[in-house]
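In what follows, chains carry the letters A, B, and so on, assigned in the order in which the sequence lines appear, proteins first and then strands, with residues in each chain numbered from 1.
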Amino acid sequence: MDLISFDNLLIGIQTAISLKGLCMISLGVILGILVGAAPGMSPSMGVALLVPFSYGMNPALAFIFFVAVYQAANYGGSITAIAINAPGTPASVVTAIDGYELTKQGKPGKALGAAVLSSAIGGTIGALLLIFLSGTIAEFGIQFGPAEYFWLAVFGLSTVIAFGKANYLTSTIGILIGVLFTTIGLDPFTGEERLTFGIIELFDGISFIPAMIGLFALAEIFTQIENKDHQKNKLLKDFSGELPKFSEFKETIATLIKSSFIGTFIGVIPGAGSTIASFISYGEAKRASKNPDELGKGSLEGVVACEAANSSSVGGALVPLLALGIPGSATDAVLLGALSLHGLVAGPALFSTNPDIVYGIFVSVLAANVFILAFGLLGNKIWLRVISTPKPLLFTFVIAMCILGSYTIKNSIFEAWVCLFFGVAGWILKKLSIPPAPIVLGLVLGAMIEINLRRSMLAGGVEILYSSNLAIILAVLSLISFLFPFTRRFI
Amino acid sequence: MDKNALLEILVPVLASLGCALILSNLLFFKVKTLSLYGLLAISLSVLVLSYNLNENFKFDAGLFPLLISAILTVSIMLLITSTKIDANDLRLENSNSKFVLALIGLIGAYLFFIEILGYYIATSFFIFTCASVLKYKNLLTLTSTIICWCLVIFLLFEKVLKINLSTGIIF
């Protein structure tokens with residue numbers, strides 16, 4: 001079966017480059033930039049909040065929209081990082097190092113211009129690699145049986161422990177909590193009730209979307225209110241500035257291309273994400289720079305390295321999601337939940353059953369970069385004005401949106417309670433240094449682990465798990481990944 | 001007392017103990033390990049529950065939750081040990097928990113009243129109260145934003161997406 005074909009690409013172009021498709025992409029980019037730029041809101045939080053609004057939409061258009069939000073939110077974080085030293089997303093923390101220095105030197109236009117150009121070019125490189133890699137990996141994924149899928153899910157979770165931002169023990173606990181929540185409901189094989197306490201609404205299990213909204217959005221709001229962040233509003237100064245000259249930008253091209261490749265390949269690793277991509281690219285740019293001392297003191301090269309890696313990681317992170325059904329980042333986990341909301345399952349089969357969605361996503365990632373370039377170059381001042389909304393008002397409406405979004409999933413108040421429960425649990429666990437991303441990945445991959453483990457057992461016992469070379473390779477990779485936190489100090 | 005009855009009592013006792021430890025810690029003690037002990041108690045209650053499930057089920061439906069809750073319990077024990085060793089990690093970083101707990105109570109009340117007052121009235125009250133609690137003082141902006149919010153939600157959900165939001169039981 002040929003998963004990547006010109007005909008399918010045409011279907012994707014027809015879906016994404018239609019009037020409705022372009023409207024969804026431009027709306028997604030505008031909302032994404034706002035979500036990314038608003039300090040305290042992350043891409044995963046933005047997409048999670050918008051998923052319930054797609055309920056009645058055509059799934060292809062819905063995913064075109066989500067991907068545009070995702071791509072633009074990763075860029076949006078750089079605007080406030082550069083302008084007011086308040087990174088909108090964790091990945092743009094590195095952008096602030098050189099970006100804000102340039103603003104202090106009176107050159108914010110150069111920094112913002114370099115950020116949007118490198119985001120658009122990096123994002124485009126990431127999208128092209130996504131098209132090339134996901135089809136190839138999906139063709140490979142067709143050979144997977146229950147044992148391979150079991151090990152693949154274990155590998156996905158183990159990389160979160162190995163490369164995640166949190167301590168390995170807290171990451172492990174987060175994953176286990178997430179996996180444990182997937183066991184709630186009727187047993188998929190025998191139909192027996194498990195951990196439902198007789199609550200009928202729990203028979204189908206925990207709904208992903210309210211849980212994710214709670215963990216990513218409500219928990220974050222609670223943490224920020226606790227830190228009294230809602231009382232801190234940075235004042236924005238009016239500024240104008242010239243864009244970087246072509247000769248200045250030309251000097252950073254090598255860094256841009258290298259960082260885009262680094263970003264894409266780090267994005268492919270589940271759990272690594274855009275923040276790690278930005279840090280590694282910045283480190284590599286500094287190592288390879290002709291003027292390493294300039295980085296950190298207001299260098300365009302520093303801004304370009306972070307932003308290119310940050311944006312290209314979106315394409316990379318979508319590769320395992322589309323090809324194998326394994327989320328590459330927290331936002332991808334939300335997208336996986338959104339797919340299930342629309343009755344779809346990510347993986348190789350999606351390429352042939354729903355080419356309009358898969359190829360629509362490909363084209364949307366590419367097109368979103370063009371819109372980011374246009375809106376970024378023209379609208380920086382507008383974004384800065386809009387995001388200066390007072391935080392008490394912003395937080396209140398985000399909470400109202402969390403409740404509304406959860407409620408409308410099944411038109412049931414129970415789902416809103418689920419959202420509140422996960423918001424409170426996420427807030428308490430964050431205080432114990434257990435971040436929400438491993439919990440969400442556990443929630444997403446838990447069922448995949450259990451179902452494939454039990455299928456393998458039914459098919460022939462434990463030895464089935466080691467019956468193919470591919471399963472053995474994935475098992476060894478998982479083991480290496482699990483042991484990585486212990487061994488990296490010796491490397 | 002037979003084993004099943006004992007296990008059935010143990011589950012709510014452990015879960016309540018865990019919740020009480022976490023809540024009292026948030027309100028008064030603010031020591032990280034105490035919340036971890038609370039988490040451990042909840043994890044133990046799930047472990048007991050999974051064990052009970054596994055005993056009663058004919059097939060292996062209870063085995064996976066039992067395995068996961070057992071590993072989780074051990075991991076939390078390890079985390080407690082490592083947190084105790086790291087003396088700097090003992091105190092919880094923030095002390096504004098009471099304010100957040102009050103806000104959670106407010107959201108809980110909002111969810112309770114949605115089905116009684118209907119979505120639009122309950123939401124208007126909630127947004128007004130929540131913004132005031134968070135010290136937003138511009139009443140004119142707040143009122144106009146609430147009206148805009150309700151209008152946009154009505155048009156989007158009732159007219160475009162054809163999803164009827166709760167109208168309440170009073171009106």
A/I434 vs B/L39, side chain to side chain contact (heavy atoms under 4.5 Å, CB included): CA-CA, chis, key distance, verdict
CA-CA 12 Å; A/I434 300 168; B/L39 195 62; 4.2 Å; yes
Show, in sequence, the C-alpha distance, side-chain angles and deciding distance for B/W149 and A/L404, and conclude whether the side chain to side chain contact (heavy atoms under 4.5 Å, CB included) test is met.
CA-CA 12 Å; B/W149 171 268; A/L404 175 70; 4.2 Å; yes
Kindly indicate, with the supporting measurements, whether the criterion side chain to side chain contact (heavy atoms under 4.5 Å, CB included) is fulfilled by B/L49 and A/F197.
CA-CA 10 Å; B/L49 192 66; A/F197 306 99; 3.7 Å; yes
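The part of A/L169 that comes within reach of chain B is its side chain, from C-beta onward, which places non-hydrogen atoms under 4.5 angstrom from that chain. For chain A, the nearby part of B/I114 is the side chain; its heavy atoms alone come within less than 4.5 Å. With a threshold of 4.5 angstrom between heavy atoms, A/L429 approaches chain B through side-chain atoms but not through N, CA, C or O. Neither the backbone nor the side chain of A/F181 comes within contact range of chain B; no heavy atoms are under 4.5 Å apart. Proximity to chain B (any heavy atom under 4.5 Å) is restricted, for A/L420, to the side chain, taken from C-beta onward. In this structure, no portion of A/F189 lies under 4.5 Å from any heavy atom of chain B. Heavy-atom distances place both the backbone and the side chain of A/L195 under 4.5 Å from chain B.
Taking chain A as the reference chain and counting heavy-atom pairs below 4.5 Å, the highest number among B/I76, B/I107, B/I71, B/L67 is found for B/I107. Ranking A/N411, A/T172, A/L453 against chain B, the residue ahead of the rest is A/N411, based on heavy-atom pairs under 4.5 Å. Of the listed residues (A/V424, A/I175, A/I449, A/T183), the greatest number of heavy-atom pairs within a distance under 4.5 Å of chain B belongs to A/T183. With respect to chain B, the highest number of heavy-atom pairs below 4.5 Å among A/L393, A/L218, A/V179 belongs to A/L393. The residue among B/I146, B/I104, B/V46, B/L103 with the most heavy atom pairs within less than 4.5 Å of chain A is B/I104. Of the residues considered (B/C130, B/P65, B/S132, B/A131), B/P65 shows the highest number of contacts with chain A, using heavy-atom pairs under 4.5 Å.
Taken from CG in B/L101 to CD in A/E226, the straight-line distance is 8.5 Å, to the nearest 0.5 Å. Note that CG of B/L134 and OG1 of A/T396 are 4.5 Å apart. Values are rounded to the nearest 0.5 Å. How far OG of B/S43 is from CD1 of A/I173: 9.0 Å, rounded to the nearest 0.5 Å. One finds the CD1 atom of A/I413 at 12.5 Å from the CZ atom of B/F113 (value rounded to the nearest 0.5 Å). The distance from the CD1 atom of A/I399 to the CZ atom of B/F126 is 5.0 Å, given to the nearest 0.5 Å. Summarising the geometry, atom CG belonging to B/L63 is positioned 9.0 Å from atom CD belonging to A/E450; distances are rounded to the nearest 0.5 Å.
The 12-atom threshold is exceeded at NZ of A/K430, counting heavy atoms of other residues, nucleotides or ligands nearer than 6.0 Å. The local environment of CZ in A/F414 is crowded, with over 12 non-hydrogen atoms from other residues, nucleotides or ligands closer than 6.0 Å. Atom CZ of B/F112 has 12 or fewer neighbouring heavy atoms from other residues, nucleotides or ligands inside a 6.0 Å radius.
Between A/D187 and B/F64, every side-chain heavy-atom pair lies at or beyond the 4.5 Å cut-off. The shortest distance between side-chain heavy atoms of B/Y136 and A/L394 does not fall below 4.5 Å.
Checking side-chain atoms of A/Y407 against main-chain N and O of B/S166 turns up a donor-acceptor pair under 3.5 Å.
Proximity to chain A at a heavy-atom threshold of 4.5 Å picks out B/I22 from residues 13-24 of chain B, in numerical order.
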